[in-house]
Amino acid sequence: MRNRFALFVVGLLATTAPALAGDNVLYGPAPKWADVRDSTRIDTAASTPIALLDVQQRIEGETLRVYVDQAFKLGSPESLTQSGTSSAVWMPDKGDLTVHRVEILRAGKVVDVLKGGARYQVLRRERGLEQRQIDGMLTATLAIPGLQVGDVLRIAYSQTMRDKALQGKVQIDSGLLTLPLEAGFARTSVSWPEGLAVKWQAGPSAGSPTESIKDGWHTVNVALPLAKREEMPQGAPSRFSRAPTLEATTFGSWEEVSRVFAPLYSTKDAIAAGSPLAAEVAKIEKQSADPLTRAALATRLVQDQVSYLLNGMAGGNYVPQAPSLTWTSRYGDCKAKSLLLLSLLEALGIKAEVVAVNSQTGDAVPDSLPMPAAFDHVIVRAEIAGTTYWLDGTATGTRLQTLADVPPFRHALPIRAEGAPLMAMEPRVPQAAMASVKLTIDQRAGVEMPALISATSTFAGMLGSNLGAAFGQASEEQKKQMIKSIGDSIFKDLTDDGGIITGGTTAFDSETGTATVTIEGMVISLFQDRDGTKRMDMRGLGSASAAFDYDRSRANWKAIPVNLGRAERVREEMEVLLPADEPGFKLGGKADYEATFAGTTVTRKGALEGQRFSVSEERASLGGELPAAEIPVEKAKALRLRNTVPFLVAPSTAARAWRYQQPSLKARIAPIEAAYEKALARETGDAQSDPLARRADLRESVYDLAGALSDWDKVIAMAPDAWTFGRRAFTKRQMGRWTDAIADHREALKLAPSVSNAISLAGALGREGKTDEALALLTEYDDMGDEHTGIVLTRADILAYAGKGADGLKEVDALIEEKPGDTSLLNAACWYRARFRVDADRTIEVCNQAVERASNAAAVLDSRALAWVAQGNLQNALADVESALKISPSQLASLYLRAWIGNAMGKPEAKADLAYFRKVTPGLVQDYARYGLK
């Protein structure tokens, strides 16, 4: 009687007043009808954990009798601990629990634990109190004395179950053991008197059950374990993946199930005149004469004023408590809340009835035999002006605008005195959006600057109500984490790099049932390099990720439809603010568009007006299922929709980050700096390191190198690591502070002894004339692996710095011979020759080969431009560097090289650029001076 297998299977609606009193565990022999397996037939030597699992069930009149015989191999100390205490759970109001044997099988001997006087202790504690459940179940436990590793523990027991709420009917819904779980011997069977009308079925994939009739008893037997279930594809409806069961019932039809439960939901005299409930009805009547409004108010009353508590005591699993008791106690389960809601609606003149549903596997209900165990929940179905409304008293947040929403239960069984068949719950698109987002992307600082984000997310219905409850109970720190969680999700939709939160609020409007979260934050620029332009794709729109990629390629999957989920409506609004003094932004894609795929209709409207782009998108989904044969067509529709997403292209004259130390542009950064200050104020301790590092990146990109260095200093003081030391070293190199940079590279290598960190340090050492140390370091870290190329190229540079350019060139050329397919090495050979003025006769020839085979044309053209400078051909050099900048407009080395060439050619504007570079990036200027550009 371990918790590995259920002792008692019953639907969550289950039964009425007790028929048999079984508060105590009984002891006795196995029932005569049971086919008891002899102990000698149990293989105690096998390592299979389940040596025996025998479940036999018998229907006798209105009673179900269950006999369970199970044996477990205790093959390890862990299994000994897990199975050392046996637990039994049963419902005493429905029958008795009788223990037949507790035995230890060891070395061919049988130790009778019960004979030694051991007995189960009955616990009175309710197991489900934490989940607001009182189910009336009792638990009995027994610590098995004398167990040893290697023993087989055998326990057999039986239960009797009778439920008056079923009016003499019996139901069975028994799970079936399936591979990869193994058993020495396992079976599940059900038997009933010959001639009794019993329906049964086993499935899905339950093999070949056998039927037999012997001595007046009809028996169905399922040999176990069943074959391993076939893997189901993504999106398969639950009926294809549900666990196999053996079902049996004496209910003849769904109509009979409906009739049996109808008396339990009678509303006669449910609301007495002058009672507190009658006063609530009067309040609603006074508020509105509109039946829809009345229905919404009644539903809200039950949802908000009555807490959930499952009461399964004294048959309460199937029998709802009286509405008056539910109202005075202010708690109730789905049955109690539904009966209360039904009583209120009828008192308000609204036609309604209770219906049974399955909240987990609703699509599988029609495949079940007619019995109450097919359901786990009840709600109310109302009819108003010819429209059906499905009202759930245990849900939250239902208001007039969400009243017509259809829960995703698929099928319902109306509870009626005359009986009723199963009813399909036809989905419909919600009238109001259950979630909406308004997003402002402030890119006014420039196309290479971070974007300031303002987002307002609004949630309605159950989601909104649940969030509102969470807001009401949360501490300020917990609210801060909620804001961060929602903000991170929004930022991730915009950019893979995420973002930082600078502020936010939470609010809940109880009248509308809507929860609102506002987010203030910042992300990297949403304009990305694309084909030599700066382009912003509207990734934040849902259609940007539209996809319908479901695999039904296997032969046994071709008939399995796709579960499209529940009906929903979602709305998104975006606006992008562009730099006020940079006209010329162009709109691409389709700002106005409507498309439907897989039951979802997407309606988009947008326009670019001046320096503001606005777009809204609404997705309305019907849900339900889609036949597998239609997947390719719907997949193509989704792809077409994704390809229409609008985008913005910046003008070629848009300001680039390298110019932002100019006074006219520097002012643009002020709002970004202010946002970083808010982010830093929001965080404490080490948590400040992330916004500091992001601000250091920004400052570095606009060549505020002193500001970047200050931030890296603070980050290292908080959370020193190799990566941060490496970043600070790079900043110092740009500033021309090579000695300080070397110190940081040393620290990075000390913290993370890696080839990449060794290359960085060696390169800096070689540049500063520490040739021997640099070369020794490269030798130490050269493992001839993937980073060997970087080692060789760095060693060549070090040799060139030491005046041995010809020796370094030999290493570069040898590397090309070693890896002829690596076209990047041709660029390295061109770049090396151009910088260190070696092999002048072949330089242009090598550079031409690099350009012809280039995978990165911008980099190679830049290298050849420097080679032309070395050859004194400034015209060709300028042509190449201009071509490079058309491909990569922000390539800093090319920008500097263009300024140097232009200045040498007497261009006035170039002289100013050259002076600017000397001011903002002296390290770069020093490097090129060493290459001969003085």
Side-chain angles (χ1 to χ4, degrees), residues 233-237 408 427-430 432-441 453 455 457-459 463 486 488-499 523 526-528 530 535-553 557 560-576 587-608 613-649:
Q234 180 187 6
R428 54 177 169 250
V429 176
M434 58 183 63
S436 63
V437 179
K438 292 184 178 180
L439 188 65
T440 297
I441 301 170
I453 304 297
S457 300
T458 304
F459 306 94
L463 179 57
I486 295 174
D488 286 347
S489 176
I490 292 172
F491 295 161
K492 206 65 179 176
D493 286 341
L494 295 174
T495 170
D496 294 336
D497 292 320
V523 298
L526 299 180
F527 280 89
Q528 301 298 308
R530 184 153 175 179
R535 169 171 157 166
M536 176 183 173
D537 294 318
M538 300 301 140
R539 282 185 45 170
L541 294 176
S543 57
S545 57
F548 197 73
D549 194 10
Y550 291 92
D551 181 12
R552 295 295 186 271
S553 58
W557 289 357
I560 298 177
V562 176
N563 179 15
L564 301 177
R566 67 180 300 160
E568 63 178 15
R569 185 185 294 273
V570 177
R571 182 171 177 79
E572 298 164 335
E573 296 179 39
M574 291 177 59
E575 69 169 349
V576 182
L587 177 61
K590 294 188 177 182
D592 291 340
Y593 193 70
E594 182 168 305
T596 299
F597 77 98
T600 298
T601 297
V602 177
T603 304
R604 182 194 308 142
K605 291 188 177 299
L608 175 60
F613 171 66
S614 61
V615 62
S616 66
E617 191 169 275
E618 188 168 81
R619 301 191 304 278
S621 303
L622 189 60
E625 295 181 3
L626 182 83
E630 297 179 23
I631 291 176
V633 173
E634 301 307 312
K635 180 179 179 179
K637 289 180 182 178
L639 179 59
R640 286 198 298 273
L641 172 63
R642 192 165 72 238
N643 289 338
T644 68
V645 172
F647 58 88
L648 293 169
V649 178

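Along the sequence shown, residues carry numbers from 1. For the numbers below, each heavy atom of this structure counts, side chains included, while hydrogens, waters and symmetry mates do not.
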| request: Indicate yes or no for a side-chain donor-acceptor contact from Ser545 to the backbone of Gly542 under 3.5 Å, with no hydrogens or angles considered. | output: yes
| Do the side-chain N and O atoms of Glu617 and Thr603 include a donor-acceptor pair separated by under 3.5 angstrom? | no
| field | Straight-line distance of Leu494 CG to Leu439 CG, nearest 0.5 Å | value | 5.5 Å
| Under-4.0 Å salt bridge between Glu594 and Arg604 | no
| Would a 4.5 Å heavy-atom cut-off, applied to side chains only, mark Glu568 and Val429 as touching? | no
| Gap separating the CZ atom of Phe613 from the CE atom of Met536, nearest 0.5 angstrom | 8.5 Å
| For the side chain of Arg535 and the backbone of Arg530, is there at least one donor-acceptor N/O pair under 3.5 Å apart? | no
| request: Report the C-alpha separation of Tyr593 and Leu641 in whole Å, then their side-chain angles, then the decisive distance to 0.1 Å, and conclude whether the side-chain contact (heavy atoms from CB on, under 4.5 Å) test is met. | output: CA-CA 9 Å; Tyr593 193 70; Leu641 172 63; 3.8 Å; yes
| query | Out of curiosity, Leu526 CG to Phe647 CZ, how far, rounded to the nearest 0.5 Å? | reply | 15.5 Å
| note | Residues at least two apart in sequence or cross-chain that pass side chain to side chain donor-acceptor pair (under 3.5 Å) with Ser621, listed by chain then number, are Thr600
| Is it true that atom NZ of Lys637 has more than 12 heavy atoms of other residues, nucleotides or ligands lying nearer than 6.0 Å? | yes
| said: Is there a side-chain contact between Pro561 and Leu626 in this structure, where contact means two heavy atoms from C-beta onward sitting under 4.5 Å apart? | reply: no
| Is the closest side-chain heavy-atom distance between Leu564 and Leu622 below 4.5 Å? | no
| query | Where do Ala591 and Ala607 come nearest, in terms of heavy atoms and distance? | reply | CB-N, 4.4 Å
| query | How far apart are the closest heavy atoms of Ala628 and Pro632, and which atoms are they? | reply | O-CD, 4.0 Å
| Stepwise, does the side-chain contact (heavy atoms from CB on, under 4.5 Å) test hold for Lys590 with Asn643? | CA-CA 9 Å; Lys590 294 188 177 182; Asn643 289 338; over 6 Å; no
| said: To the closest 0.5 Å, what do you measure between CZ (Arg642) and CZ (Arg640)? | reply: 12.0 Å
| said: Set out, in order, the CA-CA distance, both residues' side-chain angles and the distance that settles side-chain hydrogen bond (donor to acceptor under 3.5 Å, both in side chains) for Glu575 and Thr440, then state yes or no. | reply: CA-CA 5 Å; Glu575 69 169 349; Thr440 297; 2.9 Å; yes
| field | Side chain Asp537, main chain Pro646, donor-acceptor under 3.5 Å | value | no
| task | Going by the side-chain contact (heavy atoms from CB on, under 4.5 Å) test, name the single residue among Arg569, Lys605, Glu573 that passes it with Glu618. | result | Arg569
| Is there a side-chain contact between Val562 and Pro233 (heavy atoms, below 4.5 Å)? | no
| task | Under the side chain to side chain donor-acceptor pair (under 3.5 Å) rule, collect the residues that match up with Asp549, sequence neighbours excluded. | result | Lys635
| request: Ignoring hydrogens and angles, tell me if any N or O in the side chain of Arg571 forms a donor-acceptor pair with the backbone of Met434 under 3.5 Å. | output: no
| message | Run the salt bridge (Lys or Arg N to Asp or Glu O under 4.0 Å) test against Arg619 and tell me which residues pass, sequence neighbours left out. | response | Glu572
| task | Could you tell me whether Arg539 and Asp496 have a side-chain N and a carboxylate O separated by less than 4.0 Å? | result | yes
| query | Heavy atoms, side chains only, cut-off 4.5 Å: are Thr458 and Ser436 in contact? | reply | yes
| Would you say the side chain of Met574 lies within less than 4.5 Å of the side chain of Ile441, judging by non-hydrogen atoms? | yes
| message | So, taking the atom named CZ in Phe548 and the one named CD in Glu634, what distance separates them when rounded to the nearest 0.5 Å? | response | 6.5 Å
| With side chains defined as the heavy atoms from C-beta onward, is the minimum distance between Asp497 and Val523 less than 4.5 Å? | no
| message | Nearest 0.5 angstrom please: Ile490 CD1 to Ser457 OG, how far? | response | 3.5 Å
